[in-house]
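Heads up: numbering here begins at 1 and tracks the sequence. These values consider heavy atoms only, across backbone and side chains, with no hydrogens, waters or symmetry-generated copies.
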Amino acid sequence: MPIPAAILARDDVFFKAPVHLTLPEAQARFLAIAHRNPAVLGGLLCGVPMWRDWYIEDKNRIFSQEWGLAREATVINPDCILVAGRGDGVTWGPFLTAGLVPMAHSHPYHEKIATSRALPVGGVTWAQIAGGPVPQLLNARLLVFPSAGDFAFCAAANMAVHTVFTPYAVVGPAGAFRIVNPNEPGVTAQTPRLGFQLAGVQWINDGHYRGTLTALRHTQQFWYKKGITIFGGGGAGINL
């Protein structure tokens, strides 16, 4: 089913016309958001053009909020849109009502407001936030991992797979990865970013969910855990 005209007319929706925004291109643009590429909105239209101009005036506005990626329900060459969210999330309701499928969302990065998303200087090792025998840095996990709200949304929307793009860089050799801030010395536009895939998330009871979580370095899986449980608020509430 084509994306309804009422959706394309919204001030928070970015799309391509007359040709479609394909799913591979939309996913590539989300990687560009993770890499803080200021050209990410190039060639896209907005239902209210002034809002596109507002982002172009100050590219930092793009990276200070979440973005959503939704596609039409067809599985053959679906048309896609980017949805401008807020600092704390994307409002998916109107897009679910219109029959669109939420494929992914991004997490923002900022250091200069009350709720800074910065990791300690030098970052953290993956082992320090991914469970196991190494003492865990739960505050860092809270910043880096998908939130309990992300899992709750996947369960409520019955999503088979949903991707979370983050701006954090993955550095170091395989088996000894560090997760660092995007402005850490040595991090470039080509440094792989950390992503997650949430799959098969199910509601257990109030505030508790179960699912499978995969960690990605750019697009390559490097960690996988099945049957994790999620409770309470944020990544610190992921039972690894």
Side-chain angles (χ1 to χ4, degrees), residues 30-38 40 58-67 85-90 104-152 162-198 209 211 213-225 228-240:
F30 262 69
L31 284 172
I33 290 174
H35 284 267
R36 303 173 70 80
N37 183 339
V40 65
D58 183 354
K59 303 299 195 304
N60 287 327
R61 293 167 176 161
I62 299 173
F63 310 116
S64 65
Q65 64 183 53
E66 293 196 7
W67 287 81
R86 304 180 307 275
D88 60 350
V90 176
H105 73 276
S106 67
H107 282 178
Y109 180 81
H110 44 72
E111 294 183 346
K112 296 183 179 180
I113 65 175
T115 54
S116 171
R117 298 188 66 88
L119 292 169
V121 174
V124 297
T125 67
W126 179 251
Q128 288 174 312
I129 58 175
V134 177
Q136 296 295 287
L137 302 177
L138 296 185
N139 286 339
R141 186 193 296 172
L142 177 66
L143 295 175
V144 170
F145 271 61
S147 69
D150 293 339
F151 285 90
H162 186 82
T163 303
V164 178
F165 292 82
T166 89
Y168 299 104
V170 184
V171 299
F177 286 141
R178 294 189 70 84
I179 310 302
V180 302
N181 296 322
N183 56 3
E184 191 83 21
V187 173
T188 71
Q190 287 72 45
T191 305
R193 292 330 196 242
L194 176 67
F196 294 94
Q197 285 184 339
L198 289 64
Y209 303 88
L213 188 62
T214 300
L216 306 172
R217 178 183 179 269
H218 189 58
T219 59
Q220 299 300 311
Q221 173 184 322
F222 70 87
W223 179 89
Y224 170 87
K225 194 141 189 182
I228 64 171
T229 54
I230 303 93
F231 58 93
I238 297 178
N239 185 3
L240 300 174

Handout entry: Sub-4.5 Å side-chain heavy-atom contact between Pro182 and Arg36
Key =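 When only atoms from C-beta onward are counted, Arg36 and Pro182 do touch, with a gap below 4.5 Å.
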Exercise for the section: Evaluate the side-chain contact (heavy atoms from CB on, under 4.5 Å) criterion for residues Arg86 and Glu66: first the C-alpha distance (whole Å), next the side-chain angles of each, then the deciding distance (0.1 Å), finally the verdict. Expected result: CA-CA 6 Å; Arg86 304 180 307 275; Glu66 293 196 7; over 6 Å; no
[atom2] on [Y] to [atom1] on [X], rounded to 0.5 Å:
{"X": "Ile129", "Y": "Asn139", "atom1": "CD1", "atom2": "CG", "result": "12.0 Å"}
{"X": "Arg178", "Y": "Leu194", "atom1": "CZ", "atom2": "CG", "result": "14.0 Å"}
{"X": "Glu184", "Y": "Ile179", "atom1": "CD", "atom2": "CD1", "result": "12.0 Å"}
{"X": "Ile238", "Y": "Leu138", "atom1": "CD1", "atom2": "CG", "result": "10.5 Å"}
{"X": "Asn239", "Y": "Ile230", "atom1": "CG", "atom2": "CD1", "result": "9.0 Å"}
{"X": "Thr219", "Y": "Leu31", "atom1": "OG1", "atom2": "CG", "result": "7.0 Å"}

Check: [X] side chain, [Y] main-chain N or O, donor-acceptor pair, under 3.5 Å:
{"X": "Arg217", "Y": "Ala169", "result": "no"}
{"X": "Arg117", "Y": "Glu111", "result": "no"}
{"X": "Asp58", "Y": "Asn60", "result": "yes"}
{"X": "Gln221", "Y": "Ala215", "result": "no"}
{"X": "Asn181", "Y": "Leu119", "result": "yes"}
{"X": "Thr214", "Y": "Tyr224", "result": "no"}
{"X": "Arg193", "Y": "Thr191", "result": "yes"}
{"X": "Gln197", "Y": "Leu216", "result": "no"}

Give me the atom names and distance for the closest heavy-atom approach of [X] to [Y].
{"X": "Lys59", "Y": "Pro38", "answer": "CE-O, 3.2 Å"}
{"X": "Ala140", "Y": "Val124", "answer": "CB-CG1, 4.0 Å"}
{"X": "Pro146", "Y": "Leu213", "answer": "CG-CD1, 4.1 Å"}
{"X": "Ser64", "Y": "Pro108", "answer": "C-CB, 3.6 Å"}

Practice task
Tell me, with the steps shown, if His107 and Leu143 meet side-chain contact (heavy atoms from CB on, under 4.5 Å).
Solution key: CA-CA 10 Å; His107 282 178; Leu143 295 175; over 6 Å; no
Problem - Check against ring-ring contact (aromatic ring centres under 6.0 Å, His included), Phe222 and Trp126 - result: CA-CA 10 Å; Phe222 70 87; Trp126 179 251; 5.0 Å; yes
Handout entry: Criterion side-chain contact (heavy atoms from CB on, under 4.5 Å) on Phe30 and Val40, from CA distance to verdict
Key = CA-CA 8 Å; Phe30 262 69; Val40 65; over 6 Å; no
Practice task
Would you please say whether a donor-acceptor pair under 3.5 Å links the side chains of Gln65 and Asp88?
Solution key: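 Side-chain D/A pair, Gln65 to Asp88: absent.
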Practice task
Check whether the ring centres of Tyr109 and Phe63 lie less than 6.0 Å apart, and answer yes or no.
Solution key: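 No.
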Exercise for the section: Step through it carefully: locate the ring centre of Tyr209, locate the ring centre of Phe151, and say whether they are under 6.0 Å apart. Expected result: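 Judged by ring-centre distance (under 6.0 Å), Tyr209 and Phe151 do not meet the cut-off.
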Problem - Over 12 foreign heavy atoms within 6.0 Å of CD, Gln220 - result: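 At most 12 heavy atoms, drawn from other residues, nucleotides or ligands, come within 6.0 Å of this atom.
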Problem - Sequence neighbours excluded, every pair satisfying side-chain hydrogen bond (donor to acceptor under 3.5 Å, both in side chains) that has a member inside residues 162-173 - result: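 Of all non-adjacent pairs touching residues 162-173, those that pass side-chain hydrogen bond (donor to acceptor under 3.5 Å, both in side chains) are His105-His162.
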